[in-house]
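These notes concern the structure reproduced below.
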Protein chains: 2
Amino acid sequence: MRKLKDSRRAEIVDAALLVAAEQGIKAVSMRAVAARLGLTPMALYGYFRNKDELLDAVIGRMLAEISRPATGLGWRETILHLAAEVRSVARRYPTVVPLLFTRPAVSPSAIMVIDLLFDALLRAGVEPARVPRMERMISTFIIGYAISEVGGRFSEGSLDTRSRRAQLHPDLLPAHQLLAEHLDAPVDWDAEYQADLDGFLDIVAALAARDRREPIAEPRPSRPPGRPDAERLSRSSGAGSRPDPVR
Amino acid sequence: MRKLKDSRRAEIVDAALLVAAEQGIKAVSMRAVAARLGLTPMALYGYFRNKDELLDAVIGRMLAEISRPATGLGWRETILHLAAEVRSVARRYPTVVPLLFTRPAVSPSAIMVIDLLFDALLRAGVEPARVPRMERMISTFIIGYAISEVGGRFSEGSLDTRSRRAQLHPDLLPAHQLLAEHLDAPVDWDAEYQADLDGFLDIVAALAARDRREPIAEPRPSRPPGRPDAERLSRSSGAGSRPDPVR
DNA sequence: ACCTGAACACCGTTCAAGT
DNA sequence: ACCTGAACACCGTTCAAGT
């Protein structure tokens with residue numbers, strides 16, 4: 001089992017990812033993957049104990065498409081890079097992404113991404129004891145948002161006020177009525193994602209400062225530095241810049 | 001189709017949820033659900049167009065177990081209540097929860113929960129235009145964290161440094177090496193969830209203040225009011241209380 | 001109005017066998 | 001070392017029929 005040719009194993013995983021990309025995750029059957037390689041289903045069991053193990057490998061293969069951040073990038077740009085990569089991978093393989101939340105992050109590529117996040121947070125000056133949970137929060141947000149977007153949790157069905165009202169008596173949804181005009185507005189997902197993530201990173205910066213570790217000197221490229229607070233969370237929602245209450 | 005007895009429909013959904021709770025989501029087949037009711041699989045197709053539609057109803061049924069927050073609760077307690085309810089539902093039906101991220105939130109119970117969140121954010125004083133995305137961020141975190149915990153993304157496989165090192169050459173994981181002592185420490189998930197969520201709510205409060213809408217007077221029960229910042233994010237990680245850099 | 005029976009085109013996986 | 005064939009116990013869903 002362990003010494004079957006690795007190249008064959010890779011071929012199988014590639015085939016599975018292709019099937020997923022082309023026909024959805026439901027189409028990824030041992031039989032379909034084997035057929036794509038001109039094999040019998042049973043051939044795969046020489047390389048994977050069962051289908052779950054194959055799917056774990058598919059997740060790893062997908063995450064392996066995340067490119068390493070360029071060396072010399074600051075901690076903030078590193079995280080933004082990784083977040084953008086996750087997003088682009090999610091769009092490339094939308095039906096595979098939900099598996100990320102379903103299986104533990106055990107593949108080498110997943111662990112390497114986590115290591116890069118750890119490293120970035122340490123460079124940000126976050127206290128080491130706090131780094132692991134900070135990483136969990138950030139990656140929960142990044143993955144959660146990616147899945148929600150491609151998986152349809154944010155899609156029309158959930159946004160359209162009219163279809164909601166059609167299902168429930170309006171009186172049961174008072175807040176929806178108050179927000180009606182804002183619920184049907186088109187959403188710029190890229191901007192929202194970017195702004196929310198920026199907000200997170202401002203918090204990271206604030207925590208790092210609080211930890212009294214010298215944050216790596218690193219100007220924020222997109223706006224003047226020195227305002228490590230939650231302001232970014234509101235950026236793309238149309239409010240003008242107002243005095244900042246937390247500083 | 002539309003006028004088949006609603007009670008029968010509910011029986012079917014209940015049966016499906018029971019099968020899921022007892023034998024996992026994979027065991028929820030049209031055949032198994034039907035058998036539990038003494039029916040033929042084909043009987044279900046009178047009530048649901050297909051299996052996906054049944055699963056959507058199962059999600060709705062699960063969310064219907066979320067209890068309404070008591071009237072008179074403040075916005076903050078309302079959100080904390082809902083978050084705690086999602087968490088407890090997730091533990092009750094761990095294998096069903098991942099479906100939350102897979103299907104749009106279209107069931108009446110999902111919409112009602114969202115309406116309660118909208119209402120809480122409005123009462124917090126958040127500008128209406130900003131409420132929908134604030135809701136998306138909060139519920140992404142709440143659901144994402146719930147799934148990660150029950151679904152195993154945070155489980156041993158992903159936390160144990162030793163097993164990671166066994167897979168990859170240590171030199172490839174420099175940050176893991178630096179953090180080794182903190183990675184094997186036991187995690188109090190409840191405390192982490194609570195603290196992170198508190199951090200979010202501090203941000204909400206800060207944004208509301210910035211929006212210049214009068215926040216509903218509402219003392220924070222768990223600590224002195226008036227510090228709407230990111231501090232809570234670090235609460236349970238062992239750092240003593242230090243001067244707050246953002247205020 | 002509600003349900004069944006038979007059939008079709010699929011699954012994952014085991015076991016034994018082939019080269 | 002690598003793969004196949006046959007078989008088992010399952011799937012979701014369609015169609016026609018029953019009461």
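Source: prediction; values computed, not measured. Naming convention: chains lettered A, B, ... in sequence-line order (proteins, then strands); numbering from 1 in each chain.
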A:Arg8 side chain near D:dA1 phosphate (N/O to OP1/OP2, under 4.0 Å):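 Checking A:Arg8 against D:dA1: no side-chain N or O falls below 4.0 Å of OP1 or OP2.
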Pair assignment for DNA chain C - dot-bracket with | for other-strand partners, Watson-Crick or G-U under 3.5 Å: ||.|||||...|||||.||
Neighbour count >12 (heavy atoms, 6.0 Å) for atom CZ, A:Arg91: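 Counting other residues, nucleotides and ligands, CZ of A:Arg91 exceeds 12 neighbours.
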4.5 Å side-chain heavy-atom contact, B:Leu173 and A:Phe118: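 No, their side chains stay 4.5 Å or more apart.
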P atoms of D:dA16 and C:dC2, separation to the nearest Å: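 Result for the P pair: 22 Å, nearest Å.
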P spacing across the pair C:dA9 / D:dA9, given as an integer number of angstrom: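 It works out to 22 Å between them.
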Can you give me every donor-acceptor pair (side chain of residues 54-65 of chain A, partner residue at least two apart or in another chain, under 3.5 Å) with its distance?
residue	atom	partner	partner atom	Å
A:Asp56	OD1	A:Arg103	NE	2.6
A:Asp56	OD2	A:Arg103	NE	3.4
A:Asp56	OD2	A:Arg103	NH2	2.8
A:Arg61	NE	A:Asp14	OD1	2.6
A:Arg61	NH1	A:Glu65	OE2	3.0
A:Glu65	OE1	A:Arg92	NE	3.0
A:Glu65	OE1	A:Arg92	NH2	3.1
A:Glu65	OE1	A:Tyr93	OH	3.3
A:Glu65	OE2	A:Tyr93	OH	2.6

For B:Ala34, all residues meeting side chain to side chain contact (heavy atoms under 4.5 Å, CB included), sequence neighbours excluded: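 Applying side chain to side chain contact (heavy atoms under 4.5 Å, CB included) to B:Ala34 gives B:Leu39, B:Pro41, B:Leu44.
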Separation of D:dC2 C1' from A:Ile12 CD1 (nearest whole Å):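 Atom CD1 in A:Ile12 sits about 11 Å away from atom C1' in D:dC2.
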Spacing between A:Asp6 atom CG and D:dA1 atom C1', to the nearest angstrom: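 That distance rounds to 14 Å.
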Atom pairs and distances, side-chain donor-acceptor, residues 19-32 of chain B, under 3.5 Å, sequence neighbours left out:
residue	atom	partner	partner atom	Å
B:Glu22	OE1	B:Arg36	NH2	2.5
B:Lys26	NZ	A:Asp52	OD1	3.4
B:Ser29	OG	B:Ala32	N	3.0

Give every pair of a protein N or O atom and an N or O atom of nucleotides 11-14 of chain D that lie under 3.5 Å apart, one pair per line with the distance.
residue	atom	partner	partner atom	Å
D:dC11	OP1	B:Ser29	OG	3.1
D:dG12	OP1	B:Met30	N	3.2
D:dG12	OP1	B:Lys51	NZ	3.2
D:dG12	OP2	B:Met30	N	3.0
D:dG12	N7	B:Arg31	NH1	2.3
D:dG12	O6	B:Arg31	NH1	3.3
D:dT13	OP2	B:Tyr45	OH	2.9
D:dT13	OP2	B:Lys51	N	3.0
D:dT13	O5'	B:Tyr45	OH	3.4

Just to verify, what does [X] make a side-chain hydrogen bond (donor to acceptor under 3.5 Å, both in side chains) with, not counting sequence neighbours?
X: B:His182; answer: none
X: A:Thr78; answer: A:Arg123
X: A:Ser67; answer: A:His81, A:Glu85

